[in-house]
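Since the structure comes first, as structure tokens, the remarks are kept for the end.
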Amino acid sequence: MFEILEKELLARDIWKYTIAAPEVAKKAQPGQFVVLRLHEQGERIPISISDWDRDAGTITLIVQAVGHTTKRLAEMDAGDHILDLLGPLGKPAVIEPVGTVACVGGGVGTAIIYPEARGHRQIGNRVVTLIGARSREHLFYQEELSAVSERVLVATDDGSCGHHGFVTDLLRQLIDDGLHLDQVIAVGPVPMMQAVSELTKSRGIKTIVSLNPIMVDGTGMCGACRVRVGGAIKFCCIDGPEFDAHEVDFSSLLRRLRLQERSAAGCTSAENGTEGCKSQCHN
Amino acid sequence: MPTQPPQDRIKNFQEVALGYSPEMARREAARCLQCRQRPCVKGCPVGIDIPGFVRAIAEGDFAGAVAVIRQDNTLPAICGRVCPQEVQCESHCVLGRKGEPLAIGNLERFAADWERETWGGAAHRPNRVRGGKGKVAVVGSGPAGLTAAAELSRLGYEVTIFEALHTPGGVLAYGIPEFRLPKDILAYEFRQLQLQGVELRTNVLIGSTLTIDDLFSLGFQAVFLGTGAGLPHLLGIPGEDLNGVYTANEFLTRVNLMKAYLYPQVDTPLYLGKHVVVIGGGNTAMDAARTAVRLGSSVTVVYRRSREHLPARREEILHAEEEGVEFRFLTSPTAIKGDEEGWVEAIQCVAMELGDPTEDGRPAVRPIPGSELWLPADSVIVAIGQGPNPIVARTTPGLETGLHGVIEVAPDTFMTSREGVFAAGDVITGGATVIKAMGGGKKAAQAIDHYLRNRSGRPIS
């Protein structure tokens, strides 16, 4: 059992949970995730680790309440316990001195960008962060990201904060303005990651994306999370979740995320699928 | 053994084989010739005193039968159900030369079920072992890990099992369906281990949450790796990432571990089409096919060799046939086709012909050119085998692996290339059977005991 120590509303439907998980906290690194199950009848869902405190033995999860399990999690409070929590899972992000890095977060993907931006900053890379959200009320972590970035640029779909449009517009503008980028990291909804990937491919900038397919066990056993990368099938949970964006088959990824839709009509039908996607993206 | 009629059981997940009554068990046991040579025992990977327990059953001394079995086998109710007896103990039975061999597996199951139903784990308690000989970590709670844990505990060690999933059992929990191995039986057998003093920690992925080196730092003097073969193999054909294509592991995990068949009382869903094609001919393929039947689908098993080469247990093949599973032998998939939205709609197969026997004794197979055909399918389940999970090897410096990622061990000591780290079961052999993994776990436990006794007094490195 894993106790929720603190719970805070960061933005509309986006909750931050501080959870007692000393062993996970001790090992967690940027880019990794946990799989949790709330109760005996619950499903196993992957959630990225946004932060950790090794001394306090806690991890931070930032979760958008959009699916069955994430909504149920949002009904839990400090003092409640999560039945099962496994991690850290997945390969850590590769953080090396490269020069200038643009960290691009879309929706709740911004939560994953934070430890990566901090990691790059800590080893001396120049970090520029771009975050996109539907509107002002969906934005979060601007201050935290400002503390680890040279600057933070914001885009909202409705123009209620920052640039009126997509975060990709901001990235294109930066590059066109002459900022030399050595690496881009993009985490968010699949269409956003795909758009960033297409842009940076045309400009020849190495780009890493963190993928969010459906998972069950999260340890390489079920293969639900398989994605096509560089023409080969990879298991996101043990080969990823981070991959070279220019090698990822985004259409296959997007299609497999729709698996839960058809479950609704299947013989053991589903109203809300296993929500690997929904818990991580902003859609 | 009496079974649920096929027309009933395809509508439920309850056990198919119903077990012997005491009278039936005594009658069957009385057929045993009590051969002096005991050929059946040679066929048992854990060396159960088969004539001994069978004689006890014939005499009506069921408690005595249980005691004999438990000397060598810690999971009899499971083995009685899932062992391929026809190629092990029963294949050596002298009665089999002229007629039906003694139903040793059924008798083992009877004794174990009698124990559980009579004592329920309350009156009969295995002796709680006080430990004192040292601490051993067992990684994985599948057949190899459970057996190693039981044996080490019996030998006087303090044992902690580390399991990545939320419940113990490994493939017994996520892979083997309820209708073949009821989960309450697994829970009962596991409880016996806990009563014996074995500790369990779930939600710990060794190689990530804790490394092998962490385990030594925590005071464990030896580590047993029974992490199995949980990484599913794929076909490597076009269309394998289409929606509606599952590995058998995913399909069975959703149903067995996550109980998707109870949706929406549980949160894990499952989409399964009306026409399901299962690829493969092993026990996992039979489990997947028969599970799909119970979820209301029509099921075709596609296997590249002939019926006599099916690696599955004979009983599973017969049950699958009785339940209406269709088999297409000498057939191998070459591509999966999807509709415009990316959902499976058909699978292309090619006819195969058999060639000369290969090293493993099975004939080689080759496709017959121009024999391609399309089978309609709206779900495809790939059950062509599993390999070892790479996580432990990836994060343990100095742990050597061989072909297909199996962990290499010295054949006599079961020790890996890391001192004090032992391995057995599917992680050293590749995907095999429950009982072989149990046999390996038992021998490795004895090797660990030997290792720790001979190095006592020396500091732990």
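Chain naming here is simple, since letters A, B, ... match the order of the sequence lines and numbering starts at 1 in each.
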Open item on the list: Surrounding NZ of A:Lys234 (heavy atoms of other residues, nucleotides or ligands, distance under 6.0 Å), is the total greater than 12?
Closed with: no

Task: Region of B:Leu234 in contact with chain A, defined by heavy-atom distances below 4.5 Å - done: side chain

Task: Working for side chain to side chain contact (heavy atoms under 4.5 Å, CB included), residues B:Thr253 and A:Asp217 - done: CA-CA 8 Å; B:Thr253 298; A:Asp217 67 296; 5.5 Å; no

Task: A:Leu38 portion near chain B, given a 4.5 angstrom heavy-atom threshold - done: neither

Open item on the list: Strictly distance-based, threshold 3.5 Å: is any side-chain N or O of A:Arg258 a donor or acceptor partner for the main-chain N or O of B:Asn243?
Closed with: no

- [ ] Could you tell me whether the side chain of A:Arg44 and the main chain of B:Thr268 form a donor-acceptor pair under 3.5 Å?
- [x] no

Open item on the list: Strictly distance-based, threshold 3.5 Å: is any side-chain N or O of B:Thr247 a donor or acceptor partner for the main-chain N or O of A:Gly223?
Closed with: no

Open item on the list: For B:Pro269 versus A:Glu43, what's the shortest heavy-atom pair and its separation?
Closed with: CD-OE1, 4.2 Å

- [ ] Could you go through the side chain to side chain contact (heavy atoms under 4.5 Å, CB included) check for B:Leu242 and A:Arg255 one step at a time?
- [x] CA-CA 8 Å; B:Leu242 288 167; A:Arg255 191 181 65 228; 4.0 Å; yes

Open item on the list: Could you go through B:Met258 and A:Gln41, starting from their C-alpha distance and side-chain angles, then the distance that decides it, and tell me whether this counts as side chain to side chain contact (heavy atoms under 4.5 Å, CB included)?
Closed with: CA-CA 8 Å; B:Met258 308 309 294; A:Gln41 287 75 40; over 6 Å; no

Task: Gap separating the CZ atom of A:Arg228 from the CD atom of B:Glu240, nearest 0.5 angstrom - done: 8.0 Å

TODO: Output yes when B:Arg201 and A:Asp84 qualify as a salt bridge under the 4.0 Å nitrogen-oxygen rule, no when they do not.
DONE: no

TODO: Between chain B and each of A:Thr219, A:Ile233, A:Asp249, A:Leu89, count heavy-atom pairs under 4.5 Å; write down the option with the most.
DONE: A:Thr219

- [ ] Would you mind reporting whether A:Met221 and B:Leu165 have side-chain heavy atoms less than 4.5 Å apart?
- [x] yes

Task: From CD1 (B:Ile391) to SG (A:Cys237), nearest 0.5 Å - done: 7.0 Å

Task: Shortest non-hydrogen separation from A:Gly220 to B:Pro232 and the atoms involved - done: O-CD, 3.5 Å

TODO: Please determine, among B:Gly207, B:Ala229, B:Ser208, the option with the most heavy-atom pairs under 4.5 Å with chain A.
DONE: B:Ser208

Open item on the list: Do the side chains of B:Asp241 and A:Arg226 get close enough for a salt bridge, i.e. N-O under 4.0 angstrom?
Closed with: no

Open item on the list: Only heavy atoms, only distances under 4.5 angstrom. Which residues in residues 17-30 of chain A are near chain B?
Closed with: A:Glu23, A:Lys27

Open item on the list: Using a 4.5 angstrom heavy-atom cutoff, name the option from B:Gly228, B:Gly236, B:Gly342, B:Gly338 with the most pairs to chain A.
Closed with: B:Gly342

- [ ] Considering only heavy atoms and a distance below 4.5 Å, find which of B:Val204, B:Thr211, B:Val245 pairs most often with chain A.
- [x] B:Val245

TODO: Tell me, please, which residues at least two apart from B:Ser379 pass side-chain hydrogen bond (donor to acceptor under 3.5 Å, both in side chains).
DONE: none

TODO: Using non-hydrogen atoms and a 4.5 Å limit, figure out which bit of B:Leu252 sits close to chain A: side chain, backbone, both or neither.
DONE: neither

Task: A:His39 atom NE2, neighbour heavy-atom count above 12 within 6.0 Å - done: yes

Open item on the list: Once rounded to the nearest 0.5 Å, what's the spacing between atom OH of B:Tyr174 and atom SG of A:Cys222?
Closed with: 10.5 Å

TODO: Indicate yes or no for a side-chain donor-acceptor contact from B:Arg394 to the backbone of A:Ile238 under 3.5 Å, with no hydrogens or angles considered.
DONE: yes

Open item on the list: With rounding to the nearest 0.5 angstrom, report the NE2 to CG distance, B:His166 to A:Leu36.
Closed with: 12.0 Å

- [ ] Output yes when A:Arg72 and B:Asp267 qualify as a salt bridge under the 4.0 Å nitrogen-oxygen rule, no when they do not.
- [x] no

- [ ] Apply side chain to side chain contact (heavy atoms under 4.5 Å, CB included) to B:Asn203 and A:Leu85, showing your working.
- [x] CA-CA 6 Å; B:Asn203 295 314; A:Leu85 186 148; 5.9 Å; no

